[in-house]
There are 2 protein chains.
Amino acid sequence: MEQKIQAKNLDEQRFGRVLPHVSVDCVIFGFHENQLRVLLLRLRSIQEWSLPGGRLFPDESLDDAAHRVLKERTGLQNIFLKQFYAFGDRHRMDNTDFHGILAKQGIQLDPSHVLFDRTISVGYYALVEFSQVTPGLDILTEEWRWWDVREAPVMLFDHNEIMSAALKTLRRQLRYDPVGLNLLPEKFTMPELQKLYETILGKTLDRRNFQKRLLGYGILKRLEERRLGGAHKSPYLYCFDREQYFKALESGLEHEW
Amino acid sequence: MEQKIQAKNLDEQRFGRVLPHVSVDCVIFGFHENQLRVLLLRLRSIQEWSLPGGRLFPDESLDDAAHRVLKERTGLQNIFLKQFYAFGDRHRMDNTDFHGILAKQGIQLDPSHVLFDRTISVGYYALVEFSQVTPGLDILTEEWRWWDVREAPVMLFDHNEIMSAALKTLRRQLRYDPVGLNLLPEKFTMPELQKLYETILGKTLDRRNFQKRLLGYGILKRLEERRLGGAHKSPYLYCFDREQYFKALESGLEHEW
DNA sequence: ACAAAAGTGTTGCCGATACACCCATGA
DNA sequence: TCATGGGTGTATCGGCAACACTTTTGT
């Protein structure tokens, strides 16, 4: 009975007023301790981890839905968020036996329930500043965690594939996306920025050439401060010159990596 | 009565077994007489032109649906086809009064009919060889026509926006897509290939540099033949070295335009 | 023979890479 | 004082753009 009520709540709160056959999934990237990470969550009673996602309300655009999911998951608004691909394989959801899982909990849902629909998912990727994120748990979510992209677990449905596609897009888009601005804190050093690029690209870059290049874009401001406490020579702090940054992005940051 | 039957047919043939809320739309590019063209069609009783599109059968992937639409429209199979964006604005279909149009014909459909659903559309673009296309008319289609992309008419829904987005993607993807191979006939001259690129990019290119660059990729084979009948010096004919082409595409054709 | 189009070669510039030296800091 | 990391400068190389001359063809 308890369970039945829960199923009913679940239905009304999450699935009562949503469109069938369409969803959004967000690959939320963060950067911490020199690792590129993704925010994943594990749904109640489901073993596999999954990407934060959700369905559309009838009056909501795809973009709005993605922003809403992001806000529900990270508490953040006005985040950099970009659609990158729609996943529509016929059997993309076949690896999960929802009926079995729910049955074990004594939850019965009609076979025509939205949850079992064959669904096209539109993928978005987000760049967020790690330290600002404090995900909340909702009724469906049992656990959340940041994973190193290289060590991501087996996920629900085709979510591993979606994550890989997001990463690939991110790499190709490095020139056009405000990567540093969104993934790093307000102030950062040149080596830190370089580490971010190296981590995303998965290869090392020449220190001197990197600095010349990035400064060449004219989108960084060097501050008077330096980062103290390091074991060696203290590096300068930089921040983004937002006005210049967005101006530069429109024309693309040229150059290949 | 006649009309009612038609409405019923329409329903069974086209909408009886499809998913609601999702569709695909194809921007089909061709090249003819030095113009980049798109294949548009006009649906029966609807004034505006539209992109060829359709809904998904329950057992069909997005890609399969796009290929099916393409085949229905052009008779072509194994065509270069690429997904480029999902369009999901809340009001993207608001500019058309289906109820009014159908009412004028005496066709009554239930307000919950799939046709009136709020729909997310996944955009694909295709590159086809103009001369090979012979579109067929189906029960819903009244007229089809190739339009110069620069002179496309006002279209249904947000189809103008979808077409623009496709064109923008095509330009950015010039390096990665087998543009020439799909849009030109088997054999072609260097000036013809250059015209294609110039038309897509919307700007003129230096003849000598263009030739050096394209030949530099090592994906073209020069034939012994020349194109005769021109008023002046007869140019060589080329064809693609398919093996080399696909090998080169994997690494990307480098270089920016 | 002449006009118009097509084939080919050379130069110079700019950006990216490769590489070396000096400086600051904490242990 | 030394090891380590951070700041800065220079030489070279390659790709692309700019550009000119010759050849072919139909009229």
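To find a chain, count down the sequence lines: A is the first, B the second, and so on, and within it residues start at 1.
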Participant: Classify the angle between the aromatic ring planes of B:Phe188 and B:Phe240 as parallel (below 30°), tilted (30 to 60°) or perpendicular (above 60°).
Facilitator: tilted
Participant: Can you tell me the distance, in whole Å, between the CD atom of B:Glu192 and the C1' atom of C:dA6?
Facilitator: 13 Å
Participant: Hey, can you tell me if B:Phe130 and B:Trp146 have their rings parallel, tilted or perpendicular (30° and 60° cut-offs)?
Facilitator: tilted
Participant: What N/O pairs connect the protein and nucleotides 9-12 of chain D at under 3.5 Å? Give each pair on its own line.
Facilitator:
residue	atom	partner	partner atom	Å
D:dT10	O4	A:Lys212	NZ	2.7

Participant: Answer with yes or no whether B:Arg207 presents, from its side chain, a donor or acceptor under 3.5 Å of a partner atom in the base of C:dG7.
Facilitator: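 When only heavy-atom distances are counted, B:Arg207 does reach the base of C:dG7 through a donor-acceptor pair under 3.5 Å.
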Participant: Check DNA chain D against residues 183-191 of chain A and give the residues with a non-hydrogen atom under 4.0 Å, in numerical order.
Facilitator: A:Pro191
Participant: Does this structure show an ion pair linking A:Glu225 with A:Lys187, if we count only N-O contacts that are shorter than 4.0 Å?
Facilitator: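 So A:Glu225 pairs with A:Lys187 through a salt bridge.
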Participant: Rounded to the nearest Å, what distance is computed from the CZ atom of residue B:Phe210 to the C1' atom of nucleotide C:dA6?
Facilitator: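 My rounded result for the distance is 14 Å.
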Participant: Below 4.5 Å, heavy atoms only, C-beta onward: do B:Leu36 and B:Asp148 meet side chain to side chain?
Facilitator: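 B:Leu36 does not reach B:Asp148 side chain to side chain.
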Participant: Tell me whether B:Glu192 is salt-bridged to B:Lys195, with the criterion being a basic N under 4.0 Å from an acidic carboxylate O.
Facilitator: no
Participant: In whole Å, I'd like the distance from the CG atom of B:Asn34 to the P atom of C:dA5.
Facilitator: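 To the nearest whole Å, that distance equals 13 Å.
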Participant: Show the distances under 3.5 angstrom between N or O atoms of the protein and N or O atoms of nucleotides 23-26 of chain D.
Facilitator:
residue	atom	partner	partner atom	Å
D:dT23	O2	B:Lys233	NZ	3.4
D:dT25	OP1	B:Ser234	OG	3.3
D:dG26	O4'	B:Ala231	O	2.7

Participant: Would you call A:Arg92 and A:Glu161 a salt bridge, using N to O less than 4.0 angstrom?
Facilitator: no
Participant: Could you state the CG-P distance from B:Leu215 to C:dG9, rounded to the nearest angstrom?
Facilitator: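 My rounded result for the distance is 11 Å.
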Participant: Quickly work out the A:Leu205 CG to C:dC19 C1' distance and round it to whole Å.
Facilitator: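 The answer, rounded to whole Å, is 16 Å.
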Participant: Figure out the CZ/P separation between A:Arg227 and D:dG7, and round it to whole Å.
Facilitator: 12 Å
Participant: Can you confirm whether the side chains of B:Ser121 and B:Asp25 place a donor and an acceptor under 3.5 Å from each other?
Facilitator: yes
Participant: Please determine whether a side-chain nitrogen or oxygen atom of A:Arg222 lies at a distance below 4.0 Å from atom OP1 or OP2 of D:dT8.
Facilitator: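 Answer yes for this pair, as a side-chain N or O of A:Arg222 is under 4.0 Å from OP1 or OP2.
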Participant: Between D:dG15 atom C1' and B:Tyr217 atom OH, what is the distance in whole Å?
Facilitator: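 One finds 11 Å between C1' of D:dG15 and OH of B:Tyr217, rounded.
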Participant: Is B:Gln211 near enough to C:dA6 that one of its side-chain N or O atoms lies under 4.0 angstrom from OP1 or OP2?
Facilitator: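 Checking C:dA6 against B:Gln211, no side-chain N or O comes under 4.0 Å of OP1 or OP2.
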Participant: Where does the angle between the aromatic ring planes of B:Tyr125 and B:Phe29 fall among parallel (under 30°), tilted (30 to 60°) and perpendicular (over 60°)?
Facilitator: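 The rings of B:Tyr125 and B:Phe29 stand perpendicular, inter-plane angle above 60°.
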Participant: Given the side-chain rings of A:Phe87 and A:Tyr85, with only the six-membered ring counted for Trp, is the space between their centroids under 6.0 Å?
Facilitator: yes
Participant: Do A:Glu198 and A:Lys203 sit within salt-bridge range, that is, some charged N less than 4.0 Å from a carboxylate O?
Facilitator: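 Answer for the salt bridge query: no.
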Participant: Does the pair A:Arg73/A:Asp138 count as a salt bridge with the N-to-O cut at 4.0 Å?
Facilitator: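 Looking at A:Arg73 and A:Asp138, the cut-off is met.
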